[in-house]
Amino acid sequence: MSELLNSSSSGTPRVRFAPSPTGFLHVGSARTFIFNWLYARRNSGTMILRLDDTDVERNTDASVHSIFEGLKWLGLNWDEEYKQSERGELHRQMAEAIFRKGLAYRDFTPAHTGDSERSGTQGTWLFNPGMRELSREESDRRAAAGEKFALRFRVPRDAGDVVRFTDAVYGEQIKAAADIEDFALLRSDGMPTYHLASCADDADLRITHIIRGQDHLSNTYKHVLIFEAAGFTPPQFAHLPLLVAPDGTKLSKRRHGPVVSVTTYRDAGFLPEAFINFLCLLGWSPKDDRTKMSRQELVEIFSLEGINRANAVVNFKENASSNASSALSTVIPSEARDPGVPYDEDTFDPKALWLNAEHIRGLAIGDLSERLLPIVREAGFNVTQERMVQITPLIRERIKLLRDILTAADFFFVDQLPPYDPAELIPQKGDAAMAQKVLTRAKEVLANVEFKHDPLDRALRAAAQELGLKAGQMFQPIRVAVCGRKNAPPLFETLEVLGKEKTLDRIEQATSRLK
RNA sequence: GUCCCCGUCGUCUAGCCUGGCCUAGGACAUCGCCCUUUCACGGCGGUAACACGGGUUCAAAUCCCGUCGGGGACGCCA
């Protein structure tokens, strides 16, 4: 019944992402943003970004940058933006209103006292003795005398009192008021706490759906209390299962390293759309067999019903991440990083990698080459756009991360091939002499053939037959001579793109290496 | 310690609400085969899960209870 009233009266949804800028944007936060965004876009709603910067001590500009940077990369936008620190007046007004109704009281207990006694005490702390019962007169007198106090919510204490709400994901939630402590609304310096500020803003901004991490599920009882005390109907809640590390604990930068930071994925060469796709599949399902989905597709099919309740593991390699890439701390701007330190593919969740490769394969050549070009140039190679367009089709199905272009197509970019083991030139069931014979013949043949796929194909196959070799035995030495390794794109296409001059030059060099 | 949440292949998940169509489906990873000039892509196939114990029922992954396991919250942090 209440659900009906709520949804019919709320009009278009208004959702918000409210990070506290105390660190880089991490993957869990990004997912929360995405789910909110998807919900807003799906239902023609409004997406609001609110910086919950109430904690002056811990907020940093760098963190705000990191959040914006991450969201920008993901291509996620928002319609309204607020800073909680600029809305203090609103928060105090709500506190005042609650206090005047007698639903909050002043607590003159000095701050930071409960720490040690709490751990020693059996059972839950509920309130500081003596404060909840203080008469209004005495409370006013002490406040007027300038005594510092925190404002606490007067949680109902009658037997049988309960707080309840319906969560779109976790269903009916009921908790005995006796299990909720008298939480603070205002600190003794007059600043609002998170609970108060958050609720005041959510009410003021007419937020209709609060979609956030499940770590807030038990805070929600307090929020319901605040909303109701201030005379507002609480919004709808939808709590998301947490993203956890392979060890089952909440993702944290300290413990798990850069794999929890969004910019790490960007710098490693993930496609934003693939990364979004991956994140969506953690804790949400389209309920059919689809896995690869475009942003548009996600907007079309996203719904709160598809969210599940169990925590989802981001299956990265813990050791690899903390050792191999600790130097790549995401706090350091990308320019400052050592480009020589490669991202280890093994650190990432294999499904993220696969999805990325899947999205890469789905990209048009022009699009992909445009994304590849800056990476290649940043690595110090001089490559034209035209050339990149030629190379791209040869590696599109061979890379998982954009940065893989650097290792997959290196031989196109350099003048001189890095040293390789001449033994690689020797074909299957052959010897150095055979390799020598192949390369010598190849040189002659290639000197007089048009460097296009079909003529190359015909000429080299014919040469193989002449020499009494299998095609593979013919191609392998040439491939290694030209690419510097056995595993490479198809030979004829490669030769065509590489050109006659470089090809002949490299074969020449290979023959001398064989000696 | 108190309260809350969760528990299907190694991982992400479908199925659970509305018991039978589930000898539990898909995807990634892994293994094998095929395709093939290498690699990759692609195709085909294999290994692999209802945490456990009790109920209820003709019938339980699905409903109930308990146990165990995991996670989260209990701040004048957010």
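Every chain is numbered from 1, with letters handed out A, B, ... down the list of sequences.
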Quiz item: Among pairs that include at least one residue of residues 423-432 of chain A, which meet salt bridge (charged side-chain N to carboxylate O under 4.0 Å, His left out), considering only residues two or more places apart or in two chains?
Solution: A:E424-A:K486

Quiz item: Considering only side-chain heavy atoms of A:L282, which listed nucleotide, B:G71, B:C12, B:A73, is closest?
Solution: B:C12

Quiz prompt | Residues that A:T54 engages under side-chain hydrogen bond (donor to acceptor under 3.5 Å, both in side chains), provided they are two or more places apart | solution = A:Q84

Exercise. Pick the C1' atom in B:G53 and in B:C58, then give their distance to the nearest Å.
Key: 23 Å

Quiz item: What string of B, S and - do you get for nucleotides 38-52 of chain B 5' to 3' if you count protein non-hydrogen atoms under 4.0 Å?
Solution: BBBSS----------

Quiz item: Does a side-chain N or O from A:K250 land closer than 4.0 Å to OP1 or OP2 of B:G72, or not?
Solution: no

Practice problem: Describe, in one word, how the ring planes of A:F492 and A:H453 are oriented to each other, choosing from parallel (under 30°), tilted (30 to 60°) and perpendicular (over 60°). | Solution: perpendicular

Quiz item: Under 4.0 angstrom, heavy atoms only, what part of the nucleic acid is A:D55 near: base, sugar-phosphate, or nothing?
Solution: sugar-phosphate

Quiz item: Which parts of residues 149-161 of chain A get close to RNA chain B, meaning a heavy atom less than 4.0 angstrom away?
Solution: A:A150, A:R152

Quiz item: Could you give the CD-to-C1' distance, from A:E305 to B:C16, as a whole number of Å?
Solution: 16 Å

Self-check item: Spacing of the C1' atoms in B:U56 and B:C64 (rounded, Å)
Solution: 7 Å

Quiz item: So does A:K351 reach the base of B:A27 with its side chain, donor to acceptor, closer than 3.5 Å?
Solution: yes

Quiz prompt | Beyond-backbone contact of A:Y82 with A:L51, side-chain heavy atoms, under 4.5 angstrom | solution = no

Quiz item: Contact class for A:R290 (heavy atom, under 4.0 Å): base, sugar-phosphate, or nothing?
Solution: nothing

Exercise. Using a heavy-atom cut-off of under 4.0 Å over every strand shown, decide if A:R58 touches base, sugar-phosphate, or nothing.
Key: base

Quiz item: Using atom P of each nucleotide, how far apart are B:G43 and B:A29 to the nearest Å?
Solution: 13 Å

Quiz item: When rounded to the nearest Å, what value does the distance between C1' atoms of B:U11 and B:U18 take?
Solution: 30 Å

Self-check item: Results of side-chain hydrogen bond (donor to acceptor under 3.5 Å, both in side chains) for A:D53 - residues two or more places apart only
Solution: A:S85

Quiz prompt | Inter-nucleotide P distance (B:C52, B:U8), Å rounded | solution = 11 Å

Quiz item: With sugar-phosphate meaning primed atoms plus P, OP1 and OP2, does A:G283 contact a base, only sugar-phosphate, or nothing at under 4.0 Å between heavy atoms?
Solution: sugar-phosphate

Quiz prompt | Rounded distance in Å - CG (A:D215) to P (B:C77) | solution = 18 Å

Quiz item: What are the two closest non-hydrogen atoms of A:V260 and A:F24, and how far apart are they?
Solution: CG2-CZ, 3.5 Å

Quiz item: Base, sugar-phosphate, or nothing for A:T291, non-hydrogen atoms under 4.0 angstrom?
Solution: sugar-phosphate

Quiz item: Does anything in residues 16-34 of chain A pair up under side-chain hydrogen bond (donor to acceptor under 3.5 Å, both in side chains), and if so which pairs, sequence neighbours excluded?
Solution: A:R16-A:D202

Quiz prompt | Set of side-chain contact (heavy atoms from CB on, under 4.5 Å) partners for A:K437, sequence neighbours left out | solution = A:L467

Quiz item: Whole-Å distance between B:C74 P and A:I180 CD1?
Solution: 13 Å

Practice problem: Hey, can you tell me if A:F275 and A:F278 have their rings parallel, tilted or perpendicular (30° and 60° cut-offs)? | Solution: tilted

Quiz prompt | A:E96 atom CD, neighbour heavy-atom count above 12 within 6.0 Å | solution = yes

Quiz prompt | Between B:G15 and B:C63 - C1' atom distance, rounded Å | solution = 16 Å

Exercise. Would you classify A:T54 as touching base, sugar-phosphate or nothing, given that sugar-phosphate means primed atoms plus P, OP1 and OP2, and contacts are heavy atoms under 4.0 Å?
Key: sugar-phosphate

Quiz item: Base, sugar-phosphate, or nothing for A:F492, non-hydrogen atoms under 4.0 angstrom?
Solution: base

Taking N or O atoms only and anything under 3.5 Å, show me the protein contacts with nucleotides 18-22 of chain B, one pair per line.
none

Exercise. Count the heavy atoms of every other residue, nucleotide or ligand shown that sit under 6.0 Å from NZ of A:K292, and state whether that count exceeds 12.
Key: yes

Practice problem: Could you run through nucleotides 4-9 of chain B and give me one letter per nucleotide, 5' to 3': B if any protein heavy atom sits under 4.0 Å from the base, S if only the sugar-phosphate is that close, - if neither? | Solution: -SSS--

Self-check item: Rounded distance in Å between the C1' positions of B:C50 and B:U36
Solution: 41 Å

Self-check item: Listed partners of A:A310 passing side-chain contact (heavy atoms from CB on, under 4.5 Å), at least two apart
Solution: none

Quiz item: When you check the side-chain N and O atoms of A:D182 and A:Y105, is any donor under 3.5 Å from an acceptor?
Solution: yes

Self-check item: Partners meeting side-chain contact (heavy atoms from CB on, under 4.5 Å) with A:D410 (sequence neighbours left out)
Solution: A:R485

Practice problem: Provide the distance between the two P atoms, one in B:U23 and one in B:A61, to the nearest whole Å. | Solution: 9 Å

Practice problem: Give one of base, sugar-phosphate or nothing for A:H216, where a contact means two heavy atoms less than 4.0 Å apart. | Solution: base

Quiz item: Under 4.0 Å: is that the gap between some side-chain N or O of A:N308 and OP1 or OP2 of B:A14?
Solution: yes

Practice problem: List in chain and number order the residues that pass side-chain hydrogen bond (donor to acceptor under 3.5 Å, both in side chains) with A:E273, two or more places apart in sequence or in another chain; answer none if no residue qualifies. | Solution: A:R371

Quiz prompt | 5' priority, RNA chain B, between A:P241 and A:H453 [closest heavy atom] | solution = A:P241

Self-check item: Plane angle bin for A:Y265 and A:F270 - parallel if under 30°, tilted between 30 and 60°, otherwise perpendicular
Solution: tilted

